[in-house]
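Only one structure is covered here, and it is reproduced in the block below.
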Amino acid sequence: MPAYHSGFLEYNQMVGNMALLPFRTQFRGPAPTFTKENDIIDESLYFFKANVFFRTYEIKSEADRVLIYITLYITECLKKLQKCSNKNQGLQEMYTLAISKFDIPGEPGFPLNSVYAKPFCFADLMRQYLQQIRQETGVRVCEKFLVQMMGNPQNGGSVLLRRSSWTNHCLDQPLLGP
């Protein structure tokens, strides 16, 4: 069974070799506006449990790189949410995680430099786009998974954090900066 790929194949802009996809957001940033019901973040949340178990992932489009980044970021979010006791604390942790220093493709601390191209003259645009994705993803992860995690405190969301070998290397090097 193959991994799930992004269905967002139409995009107008790229930064590095990553599509600049629109998504619904309450945060300011360079992402184009999106008015449809499901966006790349919804798609990443929907495919998260399935995609995190695959050993390999064949990239078929630049939108898949956005899907991979969000999938790995969701994992980071879930690690932080395991320590939260309520929704407000979870939202605060997600905001702190989203705005903390993080590496972008091409920087030495980025875990997937072999998959992503360095954005030569648009590094600021990529950083702003990824931060906007991180902010919106954090809010949605908190809304979606914190209820599940709090409903079963013994589980603590660990079922959602099981991972395959393709993510082990990437997740052992978090998407955060030093």
Side-chain angles (χ1 to χ4, degrees), residues 3-48 51-52 57-81 87 90-146 167 170-171 173-178:
Y4 294 97
H5 296 275
S6 178
F8 294 95
L9 302 176
E10 295 180 22
Y11 44 87
N12 297 327
Q13 283 183 289
M14 284 182 37
V15 58
N17 62 350
M18 194 168 148
L20 205 67
L21 297 172
F23 56 90
R24 294 182 328 276
T25 185
Q26 58 189 5
F27 300 98
R28 288 190 351 211
T33 57
F34 193 74
T35 56
K36 296 180 184 173
E37 189 170 327
N38 291 322
D39 58 18
I40 186 67
I41 297 173
D42 293 325
E43 186 177 59
S44 300
L45 289 167
Y46 183 75
F47 292 140
F48 175 75
N51 278 347
V52 81
Y57 189 88
E58 178 187 359
I59 297 173
K60 293 187 176 181
S61 72
E62 285 73 16
D64 282 345
R65 288 184 177 86
V66 179
L67 185 77
I68 291 168
Y69 185 88
I70 296 172
T71 300
L72 294 175
Y73 186 69
I74 290 169
T75 305
E76 289 291 320
C77 291
L78 291 174
K79 288 178 187 178
K80 290 283 188 186
L81 285 175
K87 183 178 174 182
L91 287 171
Q92 183 62 41
E93 284 291 323
M94 294 300 93
Y95 179 75
T96 303
L97 181 64
I99 64 168
S100 64
K101 183 182 180 327
F102 61 94
D103 293 317
I104 62 171
E107 294 179 350
F110 191 75
L112 293 172
N113 275 329
S114 62
V115 178
Y116 291 84
K118 180 179 181 176
F120 290 105
C121 55
F122 297 107
D124 286 339
L125 175 65
M126 180 176 270
R127 188 173 305 281
Q128 291 169 1
Y129 181 67
L130 292 177
Q131 183 168 2
Q132 190 179 11
I133 283 176
R134 291 163 67 100
Q135 289 173 313
E136 187 62 36
T137 301
V139 170
R140 294 192 203 177
V141 167
C142 192
E143 296 286 333
K144 185 172 179 88
F145 293 124
L146 193 60
T167 58
C170 301
L171 298 178
Q173 298 177 12
L175 292 172
L176 300 174

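Position 1 is the first residue of the sequence; numbering continues from there.
Between the NZ atom of Lys80 and the OG atom of Ser100 there is a distance of 7.5 Å, given to the nearest 0.5 Å. Here the CG-CZ distance, from Leu130 to Phe110, works out to 7.0 Å after rounding to the nearest 0.5 Å. Rounded to the nearest 0.5 angstrom, Thr96 OG1 and Met94 CE are separated by 8.5 Å. Rounding to the nearest 0.5 Å gives a distance of 9.0 Å between CG of Leu20 and CD of Gln132.
Among the candidates Glu62, Arg65, Gln13, the single residue satisfying the side chain to side chain contact (heavy atoms under 4.5 Å, CB included) test with Met18 is Arg65.
Atom CG of Asp124 sits in a sparse spot, with 12 or fewer heavy atoms from other residues, nucleotides or ligands closer than 6.0 Å. Taking a 6.0 Å sphere around CZ of Phe34, one finds it holds more than 12 heavy atoms contributed by other residues, nucleotides or ligands.
Side-chain contact check for Pro32 versus Asn12: every heavy-atom pair is 4.5 Å or farther apart. Residues Cys142 and Leu81 meet the side-chain proximity criterion, which asks for heavy atoms closer than 4.5 Å. You'll find the side chain of Thr71 stays beyond 4.5 Å of the side chain of Phe47, heavy atoms only. The shortest distance between side-chain heavy atoms of Ile59 and Ile68 falls below 4.5 Å. Between Tyr73 and Ile133, the closest side-chain pair of non-hydrogen atoms is not below 4.5 Å. A heavy-atom distance below 4.5 Å is found between the side chains of Gln135 and Ile99.
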From CA spacing to verdict: side chain to side chain contact (heavy atoms under 4.5 Å, CB included), Leu21, Asp39: CA-CA 9 Å; Leu21 297 172; Asp39 58 18; over 6 Å; no
Step-by-step side chain to side chain contact (heavy atoms under 4.5 Å, CB included) determination, Lys101 to Asp103: CA-CA 7 Å; Lys101 183 182 180 327; Asp103 293 317; 3.8 Å; yes
Evaluation steps, side chain to side chain contact (heavy atoms under 4.5 Å, CB included), between Tyr57 and Val115: CA-CA 11 Å; Tyr57 189 88; Val115 178; over 6 Å; no
Working for side chain to side chain contact (heavy atoms under 4.5 Å, CB included), residues His5 and Leu67: CA-CA 8 Å; His5 296 275; Leu67 185 77; 5.6 Å; no
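Of all heavy-atom pairs between Met126 and Pro119, the closest is SD-CG, 3.7 Å. Summarising the geometry of Asn38 relative to Phe8, their closest heavy-atom pair is O-CZ, 3.4 Å, with the distance given to 0.1 Å. Taking all atoms of both residues into account, the shortest heavy-atom contact from Gly138 to Cys77 is CA-SG, 4.1 Å. When every heavy atom of Phe102 is checked against every heavy atom of Tyr69, the shortest pair comes out as CD1-OH, 4.0 Å. Closest of all the heavy-atom pairs between Phe48 and Thr75 is CE1-OG1, 3.4 Å. Looking at every heavy atom in both residues, Asp64 comes nearest to Lys60 through OD2-N, 2.8 Å.
With sequence neighbours excluded, no residue forms a ring-ring contact (aromatic ring centres under 6.0 Å, His included) with Tyr11. Not counting sequence neighbours, Phe122 has no partner by the ring-ring contact (aromatic ring centres under 6.0 Å, His included) test. Applying the side-chain hydrogen bond (donor to acceptor under 3.5 Å, both in side chains) test to Glu107 and every residue at least two apart in sequence or in another chain returns Arg127. Applying the side-chain hydrogen bond (donor to acceptor under 3.5 Å, both in side chains) test to Glu43 and every residue at least two apart in sequence or in another chain returns Ser6. Residues passing the side-chain hydrogen bond (donor to acceptor under 3.5 Å, both in side chains) test with Thr137, sequence neighbours excluded: none.
Residues in residues 23-36 take part in these side-chain hydrogen bond (donor to acceptor under 3.5 Å, both in side chains) pairs, two or more places apart or across chains: Arg24-Asp42, Thr25-Glu136.
At least one donor-acceptor pair under 3.5 Å links the side chain of Asn113 to the backbone N or O of Gly106.
Looking at Arg140 and Glu143, no side-chain N of the basic residue comes within less than 4.0 Å of a carboxylate O on the acidic one, giving no salt bridge.
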